[in-house]
Amino acid sequence: MTSDFLEYQAQTTPHPLAMEVSHAEGCYVYDTNNKAYLDFVAGVSACSLGHRHPKVVKAIKDQVDKYMHVMVYGEYIQQPAVELAKLLAKHLPKSLECTYLVNSGTEAIEGALKLARRATGRSQIIAAHHAYHGNTMGSMSVMGYEERKQAFRPLIPDVDFIAFNNKEHLNQITPKTAAVILETIQGGAGFIEPHDNYLTKVRTRCDEVGALLILDEIQPGIGRTGKLFGFEHYNCVPDILVTGKGLGGGMPIGAFTSSKSMMHTLQDFPKLGHITTFGGHPVIAAAALATVKEITESDLMAKALEKEQLFRKHLVHPLITEIRGRGLMLAAMTPSAETANQLILKAQNRGLILFWLLFEPKAIRLTPPLTITNAEIIEGCQVITSILDEIPF
């Protein structure tokens with residue numbers, strides 16, 4: 001299987017981890033030798049409720065027994081998609097009442113950028129240095145990391161960049177700006193939180209010049225930070241909200257949400273302003289609906305903040321210089337990329353799944369399922385510290 005994987009499946013890096021997966025359950029992934037791996041990554045923040053959560057699996061099976069794909073998005077009334085959009089509106093501010101369901105986070109970013117330009121009649125998009133919003137052409141255009149973009153230029157025009165958390169740069173937002181797009185918490189950059197009311201100041205500046213604010217909650221959204229949406233921590237409501245990853249409970253999904261009046265600009269002049277064949281797919285929407293219900297009707301969000309403190313308590317080591325983030329969106333910082341590489345690779349050998357961040361090579365991703373137990377957190381932290389004890393410093 002390994003040779004076929006390397007021969008026939010396109011690769012993203014020269015050296016994939018190449019674990020051959022047999023099955024997964026709860027907070028564990030099993031290889032074909034039936035070795036168990038405690039999952040501290042959750043499919044890169046996607047498996048909110050762990051692997052094969054019974055309520056998600058049931059929702060999928062129940063929907064498959066009724067119907068799967070029947071029509072392109074937005075034409076037929078399909079109960080799972082309608083109920084999901086309605087449930088999201090219930091838990092969002094009134095200005096975020098209408099959701100467009102798509103297939104992935106990056107597609108949701110594309111839709112949000114189009115919506116901003118359509119609604120404002122302006123073209124300039126302002127993004128942040130070290131931002132990551134996905135890897136399609138529009139999303140890459142607002143990526144703040146030139147090394148990853150250079151080989152694919154030219155990208156979409158009229159995109160400018162400011163420094164995240166730098167209030168002095170906010171005067172670059174002008175009446176020519178269609179939208180400012182920011183991650184609520186910068187992910188690939190190292191799980192950088194906004195500070196000193198930064199997002200509130202961005203919101204104020206956007207209001208002053210008539211620009212829209214797009215917040216990318218693909219990673220921090222859906223309970224991971226201890227609230228359903230990360231922006232709830234920072235006294236800032238966006239004009240357009242983008243979600244993905246954890247929304248699907250392990251199934252592929254993305255969504256962008258705005259006001260009904262703004263979203264309706266995609267309906268006409270021209271018609272079909274944004275279309276997708278499989279967006280809002282009933283099986284995926286059923287999985288997402290079960291996921292959001294479980295997260296909002298349980299104590300998982302409150303527990304996420306308690307589990308954050310458990311990580312901080314048990315990850316104390318001279319080679320851990322800082323723990324960034326909030327809730328179960330955490331990054332353990334090490335002194336060097338080599339330290340991080342050794343830790344991640346040795347951890348896999350010892351039955352613990354860790355992973356890198358995109359742009360910060362010294363960081364270790366800690367984004368386990370929200371369902372992880374205290375005992376599993378302590379167990380994984382002990383593996384981490386025991387490996388770090390073997391690394392010279």
Side-chain angles (χ1 to χ4, degrees), residues 1-13 15-61 64 219 222-224 245-253 283-284 286-288 290-291 294-295 298 300 303-304 307 310-311 314-315 328-330 332 340-357 364-388 390:
M1 186 67 73
T2 300
S3 61
D4 284 351
F5 168 71
L6 296 173
E7 178 72 18
Y8 298 109
Q9 186 172 331
Q11 305 296 307
T12 55
T13 71
H15 306 290
L17 291 173
M19 180 201 301
E20 189 173 341
V21 176
S22 166
H23 60 287
E25 192 81 24
C27 293
Y28 289 87
V29 177
Y30 298 82
D31 68 15
T32 48
N33 295 317
N34 208 36
K35 179 179 178 179
Y37 298 80
L38 178 58
D39 189 356
F40 268 20
V41 176
V44 188
S45 304
C47 301
S48 312
L49 300 178
H51 302 283
R52 299 189 67 252
H53 189 280
K55 292 182 180 179
V56 176
V57 171
K58 182 179 186 303
I60 291 168
K61 289 181 175 179
V64 167
Q219 283 205 74
I222 318 300
R224 183 153 291 280
K245 285 189 182 292
L247 176 61
M251 299 292 273
I253 196 169
V283 178
I284 308 301
T291 298
E294 179 65 13
I295 289 172
S298 69
L300 286 173
K303 292 290 186 184
K307 292 169 184 177
L310 201 59
F311 270 108
H314 288 275
L315 286 181
L328 290 176
M329 183 179 175
L330 301 174
N341 291 339
Q342 286 192 54
L343 176 54
I344 291 167
L345 296 175
K346 289 183 177 183
Q348 178 164 311
N349 290 335
R350 298 191 194 181
L352 177 67
I353 298 174
L354 301 173
F355 207 61
W356 296 269
L357 296 185
I364 306 295
R365 169 184 286 276
L366 301 170
T367 57
L370 304 185
T371 52
I372 195 166
T373 66
N374 290 353
E376 288 166 340
I377 291 172
I378 294 169
E379 175 190 344
C381 289
Q382 288 173 344
V383 172
I384 291 171
T385 54
S386 68
I387 293 170
L388 291 174
E390 301 168 5

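Please read all numbers here as calculations on a predicted model, not as lab measurements.
- D39 and A42 make their closest contact through OD1-N, 2.9 Å (heavy atoms, listed as atom of the first residue, atom of the second, distance).
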* **Trace of the side-chain contact (heavy atoms from CB on, under 4.5 Å) decision for I344 with I364** => CA-CA 8 Å; I344 291 167; I364 306 295; 3.7 Å; yes
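- Side-chain N or O atoms of Q11 include one that pairs as donor or acceptor with a backbone N or O of F5 at under 3.5 Å.
- Put simply, the side chain of I222 reaches to within 4.5 Å of the side chain of I295, judged on heavy atoms.
- Proximity of L38 to E376: side-chain heavy atoms (C-beta onward) are separated by under 4.5 Å at one or more points.
- The minimum heavy-atom distance between Q219 and R224, with the atom names listed, is O-CD, 3.8 Å.
- With hydrogens and angles ignored, the 3.5 Å screen pairs no side-chain donor or acceptor of K245 with any backbone N or O of P252.
- Remark: the backbone N or O of G249 is not paired with any side-chain donor or acceptor of S48 at under 3.5 angstrom.
- With rounding to the nearest 0.5 angstrom, the CG atom of L247 is 13.5 Å from the OG atom of S45.
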* Candidate pair L315 and L366, rule side-chain contact (heavy atoms from CB on, under 4.5 Å), full reasoning -> CA-CA 11 Å; L315 286 181; L366 301 170; 3.5 Å; yes
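- Here E379 contributes atom CD and I372 contributes atom CD1; the two are 9.0 Å apart, rounded to the nearest 0.5 Å.
- Side-chain contact between L49 and P369 is absent, with no heavy-atom pair separated by less than 4.5 Å.
- Using a 4.5 Å heavy-atom threshold, the side chains of C27 and T371 count as touching.
- Taking a 6.0 Å sphere around NZ of K303, one finds it holds 12 or fewer heavy atoms contributed by other residues, nucleotides or ligands.
- When each of T32, V29, D31 is tested with V21 by the rule side chain to side chain contact (heavy atoms under 4.5 Å, CB included), just one qualifies, namely V29.
- Considering only heavy atoms from C-beta on, L6 comes within 4.5 Å of P16 through its side chain.
- Between F40 and the options L328, I384, T367, a side chain to side chain contact (heavy atoms under 4.5 Å, CB included) holds for only I384.
- Checking side-chain atoms of K35 against main-chain N and O of Y30 turns up no donor-acceptor pair under 3.5 Å.
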* Would N341 and W356 satisfy side-chain contact (heavy atoms from CB on, under 4.5 Å), going step by step from the backbone distance to the final call? -> CA-CA 8 Å; N341 291 339; W356 296 269; 2.7 Å; yes
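- A 4.5 Å side-chain heavy-atom check between P368 and F311 finds at least one atom pair inside the cut-off.
- Here salt bridge (Lys or Arg N to Asp or Glu O under 4.0 Å) pairs that include residues 44-59, with residues two or more places apart or in two chains, are E25-R52, K55-E294, K58-D62.
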* Asked: Under the side-chain contact (heavy atoms from CB on, under 4.5 Å) criterion, do I353 and Y37 qualify, and how do the steps go?
  -> CA-CA 6 Å; I353 298 174; Y37 298 80; 3.7 Å; yes
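- Distance check, rounded to the nearest 0.5 Å: CE of M19 to OG1 of T2 gives 11.5 Å.
- If you take NZ on K346 and CG on L388, they are separated by 9.5 Å, rounding to the nearest 0.5 Å.
- Taking CD of Q382 as the reference point, atom CD1 of I377 lies at 12.0 Å (rounded to 0.5 Å).
- At least one side-chain heavy atom of H51 sits less than 4.5 Å from a side-chain heavy atom of C47.
- Looking at heavy atoms from C-beta onward, L345 lies out of side-chain contact with L354 at the 4.5 angstrom threshold.
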